[in-house]
Amino acid sequence: MNTGRRAQAKPAGRARERSPLTLAVDIGGTGIKAEKLDPSGRPVTQRAKIPTPAKATPKKVLSVIGKLARELGDFDRVSVGFPGVVKDGVIYTAANLGDGWRNFPLEAELKKRLERPVRVANDADVQGLGCVNGSGVELVITLGTGFGSVIFVDGRPIHLELGHHPFHKGKTYEDELGVRALKKKGRKKWNKLLGEALDELVRTFNFDRMYIGGGNAKAITLKLPSNVRIVSNEQGLLGGIKLWKDAAE
Ligand code: BGC
C-alpha cells in the first residue's frame, strides 16, 4: 500500500544520537508529517509523511501518528503542531479536519499511546517559534489548507485566528487565501488577494517583521516588502523543539 511516506529513519544507531530526542509532528489538512530532532533542533531523520485521512477524526489521526512514531524509532518526547485552537493540550477547533475534536484531550491521549511526554500547540504558533527572532512585533501567517496566524511581541506568542476573520466581500482570510481558493481562483487572482491581505495586516498590526510559511507559500509570485519573508515549511517542524525550552535536558 502506498502510504505516501517519503522517508525512513536514518540507520544511525540511538547511541550516536544526542538526547533528548524530540519527535516533531505537524498535523496538516493534507498531510501528517514527522521527524526526529536532536536537542538543538537539528533533524536526525528525514521527514516522513502520511496523507491526512479523509474526515480525519481523533481516532484516525492518532493512528497515523502512531504509525509515524513507529517508523521513526525511539524518542524521548513529542511536540505536535495542530491545525486549530489548542489550550493546555486540549483541542477547541479543527476547521479542516473531521468531527470529534471539540474538547478532545489530544496531549493526554498521545501521552498514553506513545508513553512519552507530549506537548501540543497550534501549528502556526509552532511554525512561528521556529522562525521569529524574538524582538519587537513579529507577525506569522501560514498558507496551507487553512490560514494560520500568530503574533509575537518580544518573542512571546499570542495566538490569532485571523483565518476566520472577515477579509473581503464578506469572505474570511481562509475563504480567500486557503488552498480551496488557490485551486479555484488560480495563482494570479490569489496573489492579488494576498497583496490586499498584506496591506490590511500592515495597517492592523504595524509589525516590524512578518513571516509567511505553509505549503502554499511557494505559490507566491507577488513582490514582498523588505520586512516580509517566506520561511520554509520545515520550520513548522523545527519550531517543535522550542515547545520544550523550559524543560531540563
Ligand atoms: C485554523 C487555525 C490553523 C490554520 C492553519 C485554520 O483553519 O483555525 O487554527 O492554524 O487553519 O492550519
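Scope of the values below: all heavy atoms of this structure, side chains included, with no hydrogens, waters or symmetry mates. Numbering of ligands and ligand atoms starts at 1, following listing order. As the structure is a prediction and not an experimental result, all values here were calculated from the model.
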Every pair of nitrogen or oxygen atoms between ligand 1 and the protein that is under 3.5 angstrom apart - can you list them with their distances to 0.1 Å?
| from | atom 1 | to | atom 2 | distance (Å) |
| --- | --- | --- | --- | --- |
| ligand 1 | 7 (O) | N96 | ND2 | 3.4 |
| ligand 1 | 7 (O) | H164 | NE2 | 3.1 |
| ligand 1 | 7 (O) | E174 | OE1 | 2.6 |
| ligand 1 | 7 (O) | E174 | OE2 | 3.2 |
| ligand 1 | 8 (O) | E161 | OE1 | 2.6 |
| ligand 1 | 8 (O) | H164 | NE2 | 2.8 |
| ligand 1 | 9 (O) | G84 | N | 3.4 |
| ligand 1 | 9 (O) | N122 | ND2 | 3.0 |
| ligand 1 | 9 (O) | E161 | OE1 | 3.4 |
| ligand 1 | 9 (O) | E161 | OE2 | 2.5 |
| ligand 1 | 10 (O) | N122 | ND2 | 3.1 |
| ligand 1 | 10 (O) | D123 | OD1 | 2.6 |
| ligand 1 | 12 (O) | D123 | OD2 | 2.6 |

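Remark: K218 engages no residue in a side chain to side chain donor-acceptor pair (under 3.5 Å) (not counting sequence neighbours).
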Inset, instruction - Just do the side-chain contact (heavy atoms from CB on, under 4.5 Å) check on V61 and I27 with the steps written out, would you? - result: CA-CA 8 Å; V61 170; I27 303 173; 3.9 Å; yes

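The local environment of NZ in K185 is crowded, with over 12 non-hydrogen atoms from other residues, nucleotides or ligands closer than 6.0 Å.
The stretch residues 85-104 participates, sequence neighbours left out, in no salt bridge (Lys or Arg N to Asp or Glu O under 4.0 Å) pair at all. Identified under the salt bridge (Lys or Arg N to Asp or Glu O under 4.0 Å) test for residues 130-155, with sequence neighbours left out: E138-R209.
Residue R116 comes nearest to D76 through the heavy atom pair CD-O, 3.4 Å, listed as atom of the first residue, atom of the second, then distance.
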